[in-house]
Amino acid sequence: MSPRTGGSAPGSVRKKARVPDGLSGRVPDELSARVPDELPGQTPDELSASAPAELPEQVPDEPSARVPDELPRQIPEELSARVPVEQRGPGLERDAVRMLVSRGTQVSHHVFVELPRLLRAGDLLVVNTSPTLAAAVDGRIGHARVVVHFSTRGDDGRWAVELRDPDGRGTTRARAGEHAGTEVSLPGGVRLSVEEPLDARGERLWWARVAGADVLGLLRGHGRPIRYSYTERDQPLAVYQTVFALPSPDGAGSAEMPSAARPFTARMVAELVSRGVQFAPVTLHTGVASTEAHEPPYPERFAVPEASARLINAVRAGDGRVIAVGTTAVRAVESAVGADGVVRARAGWTDLVVTPERGVRAVDGLLTGLHQPQASHLLMLEAVAGRAAIERGYAEALRGRYLWHEFGDVHLVLPGEDPHTAHCASNSR
């Protein structure tokens with residue numbers, strides 16, 4: 001979400017988040033928003049093991065989303081997608097969701113199945129291959145029931161978790177008053193010990209140790225997908241997997257679905273490839289969302305492989321457009337691009353928060369869901385398309401009764417001008 005119509009990168013602003021011990025207490029320099037012009041010739045594995053730099057003890061104020069002028073502070077409840085589109089009627093598939101298309105401030109209305117004719121040969125879709133984990137597990141603190149949301153595994157074996165209260169409707173609500181030393185009993189005699197807040201920003205997420213089982217095994221045996229109160233019922237884990245999801249060698253995955261890719265089907269991918277649209281896989285394992293507080297994203301693991309980096313650079317050097325599928329794909333790619341605009345293979349942790357001030361350097365467009373007006377993701381949309389385009393698009397989404405959240409409709413943000421003209425201008429700054 002930068003003041004750009006189709007592609008600009010204003011001066012880079014470094015936005016740091018304090019990373020506690022579970023993430024080795026630090027984030028590598030090469031993963032920061034202030035990217036050096038040249039990187040050492042390292043493989044992704046070497047990069048993830050390279051010596052990181054210390055972060056300052058002082059935590060700066062976090063960027064906050066600016067609610068577009070024409071939007072209410074809360075989306076009407078009836079615009080929440082309560083079930084997946086394929087469960088709303090006979091014969092429907094995932095690609096039956098509606099799609100709002102923004103080209104600058106021009107807006108048009110489509111169905112997702114029309115995507116192939118809206119893209120062109122030479123375009124590149126950057127997709128996140130992270131699989132979704134069954135990351136919610138029931139537990140008890142004494143006699144009180146709780147639900148543990150497993151968010152992120154740290155380098156020291158601890159997990160970032162959020163403890164939530166059951167709400168009596170099969171979902172959960174935020175839980176207040178957590179403290180270090182809390183013990184949670186989990187299925188199979190497993191114990192979870194809460195140790196310290198993840199971050200100085202608040203006490204929603206905590207670092208915790210699990211004794212008595214491997215966490216990933218616990219999730220496979222007793223977990224279920226995380227869901228929130230706007231959904232109607234629990235769904236099988238398969239409903240939360242995208243067509244691009246691939247098993248990770250270490251079993252890692254996302255606490256919540258990278259949902260922008262959910263409407264894609266195998267048939268859609270085949271049609272796009274037949275029309276000359278290319279795909280570049282990246283990985284970013286998403287943590288637990290901040291549905292009540294709308295906090296900026298915490299550090300997350302990511303990887304941009306060498307082949308994808310080369311493909312992105314080649315498309316940007318030609319006439320194609322680089323379109324990220326989801327905010328997670330934007331965060332991964334923008335964490336791997338240097339100030340010179342060149343994307344290089346990287347892996348490790350990223351603390352990058354894409355804002356209008358920082359801008360984007362490698363992404364021309366974005367396919368994403370519809371976000372709450374106070375969500376920090378709107379800053380990223382503004383960095384990609386500009387404030388006016390996002391305000392116009394969201395006003396049209398409300399008027400058109402589009403559906404929000406992970407089972408909802410999608411928003412395709414395309415450049416309103418030649419992206420490479422803007423890229424050249426940005427790289428000269």
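Predicted model only: the values in this text are computed from it and were never measured.
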Visitor: Determine all donor-acceptor pairs shorter than 3.5 Å in which one atom belongs to a side chain in residues 134-142; sequence neighbours excluded.
Guide:
residue : atom : partner : partner atom : Å
Asp138  : OD1  : Arg224  : NH1          : 3.3
Asp138  : OD1  : Arg224  : NH2          : 2.9
Asp138  : OD2  : Arg224  : NH1          : 3.1
Arg140  : NH1  : His143  : O            : 2.9

Visitor: For a quick test of your reading: what N or O donor-acceptor pairs under 3.5 Å do the side chains of residues 259-266 make, sequence neighbours left out?
Guide:
residue : atom : partner : partner atom : Å
Arg262  : NE   : Val239  : O            : 3.0
Arg262  : NH1  : Glu86   : OE1          : 3.3
Arg262  : NH2  : Glu86   : OE2          : 2.5
Arg262  : NH2  : Val239  : O            : 3.3
Thr265  : OG1  : Met268  : N            : 3.1

Visitor: According to side-chain contact (heavy atoms from CB on, under 4.5 Å), who are the partners of Glu78, at least two apart in sequence or on a separate chain?
Guide: Pro76, Arg401

Visitor: Enumerate the residue pairs fulfilling salt bridge (charged side-chain N to carboxylate O under 4.0 Å, His left out) with a member in residues 180-190, sequence neighbours excluded, ordered by first and then second residue.
Guide: Glu183-Arg191

Visitor: Can you list the residues that meet the side-chain contact (heavy atoms from CB on, under 4.5 Å) rule with Val113, with sequence neighbours excluded?
Guide: Asp95, Val111

Visitor: Could you go through residues 270-279 and list every donor-acceptor pair under 3.5 Å that involves a side-chain atom there, pairing it with any protein atom two or more places apart or in another chain?
Guide:
residue : atom : partner : partner atom : Å
Glu271  : OE2  : Arg275  : NE           : 3.3
Ser274  : OG   : Glu271  : O            : 2.6

Visitor: Got a sec, which residues hit salt bridge (Lys or Arg N to Asp or Glu O under 4.0 Å) with Arg145, two or more places apart in sequence or on another chain?
Guide: none

Visitor: Test of understanding: with ring pair (Phe, Tyr, Trp, His ring centres under 6.0 Å), list the residues that count as partners of His405, not counting sequence neighbours.
Guide: Tyr230

Visitor: Could you work out, with side chain to side chain donor-acceptor pair (under 3.5 Å) as the rule, every residue matching Tyr240, not counting sequence neighbours?
Guide: none

Visitor: Applying side-chain contact (heavy atoms from CB on, under 4.5 Å), can you list everything that pairs with Ala96, at least two apart in sequence or on another chain?
Guide: Val85, Leu92

Visitor: Tell me, please, which residues at least two apart from Glu232 pass salt bridge (Lys or Arg N to Asp or Glu O under 4.0 Å).
Guide: none

Visitor: Using the side-chain contact (heavy atoms from CB on, under 4.5 Å) criterion, which residues pair with Thr129? Sequence neighbours excluded.
Guide: Leu246, Pro281, Thr283

